[in-house]
Amino acid sequence: MRIGIGYDVHRLIEGRKLVLGGVVIPFEKGLLGHSDADVLVHAVCDALLGAAGLGDIGMHFPDTDPEYKDISSIKILDKTYELVNSKNFKIANIDSTIFADAPKLLSYKEAMEKNIARSIEIEPECVNVKATTFEGLGMIGKGEGIGAMCIVLIQSRKKTNT
């Protein structure tokens with residue numbers, strides 16, 4: 001078994017949609033980024049890539065590549081899953097936390113879990129999304145950005161001779 005950790009943070013700006021876990025969330029601001037800037041999915045991708053020893057999201061999906069301009073991060077997760085799967089790993093579970101003082105995210109949690117699970121072909125019960133605030137502290141607490149952190153557990157599909 002292998003463990004990976006991922007983290008991402010993006011600035012909130014006006015004039016963009018807010019997308020978290022592949023869900024468009026009604027809010028007056030969205031996240032700035034080359035893709036749709038879905039910090040939750042980016043954290044999941046980094047955790048998966050790290051666990052599989054495949055580098056990081058910037059290595060595979062650079063923000064200088066026009067192919068990824070405004071792309072749905074769920075599509076990036078699809079491609080990340082293909083990379084992890086090609087190394088003969090199975091995803092056991094995902095646990096993640098979104099850091100945001102606003103908007104409130106509880107009513108979107110289940111849809112986020114289902115989107116992520118569908119993309120990486122595991123049961124939604126194996127994906128956990130939590131949200132917490134920074135209590136007004138720092139950039140996230142002041143409403144200037146949103147962050148996410150993720151930990152994943154993967155296991156080899158290879159049979160071992162014992």
Side-chain angles (χ1 to χ4, degrees), residues 3-52 54-65 68-81 84 91-120 122-154:
I3 296 171
I5 298 171
Y7 175 80
D8 195 27
V9 64
H10 285 270
R11 178 186 317 255
L12 281 164
I13 62 165
E14 293 182 8
R16 291 219 15 154
K17 293 185 293 187
L18 178 59
V19 182
L20 295 169
V23 178
V24 177
I25 298 169
F27 195 58
E28 66 266 10
K29 294 180 180 178
L31 294 168
L32 177 63
H34 186 69
S35 66
D36 64 6
D38 185 332
V39 292
L40 175 58
V41 172
H42 291 183
V44 171
C45 289
D46 259 346
L48 287 168
L49 291 166
L54 292 168
D56 63 29
I57 193 170
M59 184 174 126
H60 294 278
F61 312 100
D63 63 5
T64 54
D65 189 332
Y68 304 114
K69 179 72 174 142
D70 297 322
I71 192 172
S72 164
S73 292
I74 290 291
K75 290 182 181 176
I76 292 173
L77 182 57
D78 293 343
K79 292 178 182 195
T80 298
Y81 175 66
V84 171
I91 300 164
N93 78 300
I94 293 176
D95 188 36
S96 61
T97 304
I98 301 169
F99 306 108
D101 276 33
K104 297 297 181 197
L105 301 172
L106 182 62
S107 62
Y108 304 101
K109 173 185 152 186
E110 186 176 339
M112 292 179 202
E113 291 168 347
K114 285 181 179 177
N115 285 342
I116 292 167
R118 185 180 317 111
S119 181
I120 59 174
I122 63 173
E123 294 299 317
E125 299 81 36
C126 296
V127 178
N128 190 45
V129 175
K130 303 176 299 287
T132 191
T133 67
F134 271 35
E135 302 295 330
L137 298 173
M139 122 183 199
I140 291 172
K142 292 176 184 170
E144 297 171 3
I146 293 178
M149 187 171 159
C150 178
I151 188 164
V152 303
L153 179 65
I154 64 173

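Below, each value reflects all heavy atoms present in this structure, side chains not excepted, and no hydrogens, waters or symmetry copies. Counting from 1, the numbers follow the sequence of the chain as shown. These numbers come from a predicted model, not from an experiment.
No donor-acceptor pair closer than 3.5 Å links the side chain of S96 to the backbone N or O of I151. For the pair D38 (side chain) and G21 (backbone), a donor-acceptor distance under 3.5 Å is present. When atom types are taken as modelled, the side chain of R16 and the backbone of L32 share no donor-acceptor pair closer than 3.5 angstrom. A donor-acceptor distance shorter than 3.5 angstrom exists from the side chain of H34 to the backbone of D65, with no hydrogens or angles considered. Looking at D46, its side chain never comes within 3.5 Å of a backbone N or O of D56 through a donor-acceptor pair.
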Just list the side-chain donor-acceptor pairs under 3.5 Å for residues 97-106, sequence neighbours left out, or say none.
residue : atom : partner : partner atom : Å
T97     : OG1  : K130    : NZ           : 3.4
D101    : OD1  : F134    : N            : 2.6
D101    : OD2  : G136    : N            : 2.8

Under 3.5 Å donor-acceptor pairs involving side-chain atoms of residues 69-76, not counting sequence neighbours:
residue : atom : partner : partner atom : Å
S72     : OG   : I74     : N            : 3.2
S73     : OG   : D36     : OD1          : 2.4
S73     : OG   : H42     : NE2          : 2.8

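Residues passing the side-chain contact (heavy atoms from CB on, under 4.5 Å) test with E123, sequence neighbours excluded: E125, C126. With sequence neighbours left out, the ring pair (Phe, Tyr, Trp, His ring centres under 6.0 Å) criterion links F61 to Y68. Looking at residues two or more places apart in sequence or on another chain, you find a salt bridge (charged side-chain N to carboxylate O under 4.0 Å, His left out) between K79 and E67. With sequence neighbours left out, the salt bridge (charged side-chain N to carboxylate O under 4.0 Å, His left out) criterion links K114 to E110.
Listed here is the closest heavy atom pair of M112 and V129: SD-CG1, 3.9 Å. Here the closest heavy-atom approach between residue L48 and residue V84 is recorded as O-CG2, 3.8 Å. The two residues P26 and Y108 make their nearest non-hydrogen contact at CD-OH, 3.3 Å. Minimum interatomic distance between G147 and I140 (heavy atoms only, all atoms of both residues): N-CD1, 3.7 Å. In plain terms, the two heavy atoms of A51 and G4 that are nearest each other are CB-N, 3.5 Å.
When side chains are defined from C-beta on, V44 does not count as touching V127, because their heavy atoms never get closer than 4.5 Å. Looking only at side-chain heavy atoms (C-beta outward), N128 and E113 come within less than 4.5 Å of each other. Residues L20 and L31 meet the side-chain proximity criterion, which asks for heavy atoms closer than 4.5 Å. Proximity of H60 to T80: side-chain heavy atoms (C-beta onward) are nowhere separated by under 4.5 Å. Taking 4.5 Å as the limit, every side-chain heavy atom of D8 sits out of range of all side-chain heavy atoms of I57.
Paired with I120 under the rule side-chain contact (heavy atoms from CB on, under 4.5 Å), one option of I94, N115, D78 passes, and it is I94.
Counting non-hydrogen atoms of other residues, nucleotides and ligands closer than 6.0 Å to CD of E28 gives a total above 12.
Rounded to the nearest 0.5 Å, atoms CG (D95) and CG (L153) are 11.0 Å apart.
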